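Predicted model, so just to flag it, every value in this text is computed and none were measured.
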Amino acid sequence: KWGSSIKLLIGPALLCTSLDMNGISLSLLPYSSQLAPWILAPCCGAWPKAVAPQFPSPAPVQVKDCFEGVSPSSDENVK
């Protein structure tokens, strides 16, 4: 839903966000042309570079009728 609005991405990577923090962290920040140079600026080696994400195209899917060629059973005990 929001994939097309994501302009820059950092990670997935090992990032030091908090000591003794288990789990994952997701941070969102509104993109602005004034903020972009700061995000793209070189940093010490501890943080990976921000990149413009590339999303794959959805693969074509062929939906089949799962009941094609199936006929109902006729069990006299069930009637």
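- P30 and L35 make their closest contact through O-CD2, 4.0 Å (heavy atoms, listed as atom of the first residue, atom of the second, distance).
- Linking ILVMFWY side-chain heavy atoms closer than 4.5 Å, directly or via other members, places V51 and L8 in two distinct hydrophobic clusters.
- The shortest non-hydrogen separation linking S33 to P37 is O-CD, 3.2 Å.
- Once rounded to the nearest 0.5 Å, the distance linking CD1 of I39 with CG of L9 reads 11.5 Å.
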